[in-house]
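Keep in mind that the numbers below use all heavy atoms, side chains included, and drop hydrogens, waters and symmetry copies.
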Amino acid sequence: MEQDPDSGALIRKPLGDTADDLDAQVQRYTAVLLEWRSWLEELAALFAESAPDVDADEEERRRSRERGVVPVVALVVERTDAGELWRAVCARTLTWYLESTGVAAEDAEELADDVVDGEFESWVAPDAETLGKARDIIGEHGA
């Protein structure tokens, strides 16, 4: 199956003719679901690695969030090739990550959007300096 390599989508829709064959459609949709599941499993593992201890105080939670930003963004860049849609995927993924560390849903979404809109560019993977700025912004939240 051909895919559009420049889309930046997390799950890429196959290009080409629409199949009339039910078996071909089932195979395509199964592949998409398996790709989505793989993404969610990667995120779960990464979030678990970066998670603060259950009994961590707020300062340790803040430091844990700060340490997790770079690996989360790096995974998004890897999976999307920093294409057209990578920033939207990054904002959603950072929101989920922040929520997993105890940030309220509304605050997590706002913080993730601020970081992505303020620091990251379309079609450009962030460099080390930009990632450092993003890490600092998230690390300062709640400090």
Side-chain angles (χ1 to χ4, degrees), residues 1-19 22 24-143:
M1 278 188 279
E2 290 183 59
Q3 296 177 341
D4 179 359
D6 297 323
S7 71
L10 187 59
I11 305 298
R12 296 185 181 138
K13 213 168 59 172
L15 297 176
D17 296 332
T18 304
L22 183 57
Q25 289 178 355
V26 168
Q27 288 177 0
R28 279 202 320 267
Y29 290 116
T30 300
V32 167
L33 289 172
L34 290 173
E35 190 174 352
W36 180 248
R37 179 182 175 158
S38 170
W39 168 245
L40 293 177
E41 289 172 347
E42 280 185 86
L43 287 182
L46 183 58
F47 290 7
E49 287 175 21
S50 303
D53 290 334
V54 175
D55 59 348
D57 63 11
E58 189 52 41
E59 178 61 20
E60 179 53 34
R61 288 184 178 285
R62 187 191 63 73
R63 286 194 308 265
S64 179
R65 276 192 289 275
E66 184 177 24
R67 286 189 303 269
V69 171
V70 172
V72 168
V73 174
L75 182 59
V76 171
V77 169
E78 177 186 318
R79 289 290 295 240
T80 64
D81 296 323
E84 178 182 5
L85 303 174
W86 93 269
R87 289 176 3 117
V89 173
C90 191
R92 174 57 45 213
T93 305
L94 279 174
T95 298
W96 290 343
Y97 171 68
L98 294 169
E99 288 176 8
S100 78
T101 65
V103 176
E106 190 173 293
D107 292 341
E109 185 173 357
E110 184 177 324
L111 183 55
D113 287 344
D114 287 349
V115 167
V116 171
D117 292 343
E119 300 303 324
F120 300 154
E121 297 179 45
S122 296
W123 299 91
V124 178
D127 59 17
E129 181 181 342
T130 303
L131 286 171
K133 288 178 185 177
R135 183 192 62 233
D136 292 346
I137 291 167
I138 288 177
E140 291 169 4
H141 180 76

K.L.:
Go through the steps for L43 and T93 under the test side-chain contact (heavy atoms from CB on, under 4.5 Å), then give the verdict.
P.N.:
CA-CA 8 Å; L43 287 182; T93 305; 3.6 Å; yes
K.L.:
By side-chain contact (heavy atoms from CB on, under 4.5 Å), which residues pair with D114, not counting sequence neighbours?
P.N.:
E110
K.L.:
Quick one: ring-ring contact (aromatic ring centres under 6.0 Å, His included) pairs with a partner in residues 102-122, sequence neighbours left out?
P.N.:
W86-F120
K.L.:
How many angstroms lie between CG in D81 and CH2 in W123, if you round to the nearest 0.5 Å?
P.N.:
10.5 Å
K.L.:
Do any N or O atoms from the side chain of S100 and from the backbone of Y97 form a donor-acceptor pair under 3.5 angstrom?
P.N.:
yes
K.L.:
Name every donor-acceptor pair, under 3.5 Å, that has one atom in a side chain of residues 50-57 and the other anywhere in the protein, sequence neighbours excluded.
P.N.:
| unit_1 | atom_1 | unit_2 | atom_2 | d |
| --- | --- | --- | --- | --- |
| S50 | OG | L46 | O | 3.2 |
| D57 | OD1 | E59 | N | 3.3 |
| D57 | OD1 | E60 | N | 2.8 |

K.L.:
Nearest 0.5 Å, please: how far is CD in E109 from CG in D113?
P.N.:
5.5 Å
K.L.:
Could you grab the distance from atom CG of L34 to atom OH of Y29, nearest 0.5 Å is fine?
P.N.:
15.0 Å
K.L.:
Using the side-chain contact (heavy atoms from CB on, under 4.5 Å) criterion, which residues pair with E42? Sequence neighbours excluded.
P.N.:
S38, L75, R79
K.L.:
Please name the pair of heavy atoms, one in G139 and one in R62, separated by the smallest distance, quoted to 0.1 Å.
P.N.:
O-NH1, 2.6 Å
K.L.:
Does any non-hydrogen side-chain atom of V103 lie less than 4.5 Å from one of R61?
P.N.:
no
K.L.:
Kindly determine whether L131 and V69 satisfy side-chain contact (heavy atoms from CB on, under 4.5 Å), including the steps that lead there.
P.N.:
CA-CA 8 Å; L131 286 171; V69 171; 5.7 Å; no
K.L.:
Looking at every heavy atom in both V115 and A134, which two are closest together, and how far apart are they?
P.N.:
CG1-CB, 3.5 Å
K.L.:
Given side chains that start at C-beta, do those of V32 and R28 come closer than 4.5 Å, heavy atoms only?
P.N.:
no
K.L.:
State, to 0.1 Å, how close A112 and L98 come at their nearest heavy-atom pair, and which atoms those are.
P.N.:
N-CD1, 4.2 Å
K.L.:
Run the side-chain contact (heavy atoms from CB on, under 4.5 Å) test against V124 and tell me which residues pass, sequence neighbours left out.
P.N.:
E121
K.L.:
Identify, with sequence neighbours excluded, every residue that meets side-chain contact (heavy atoms from CB on, under 4.5 Å) alongside E41.
P.N.:
R37
K.L.:
For the pair R65 and E58, find out whether any cationic side-chain nitrogen is under 4.0 Å from an anionic carboxylate oxygen.
P.N.:
yes
K.L.:
Between R135 and E66 (side chain of the first, backbone of the second, donor and acceptor by atom type, cut-off under 3.5 Å), is there such a pair?
P.N.:
no
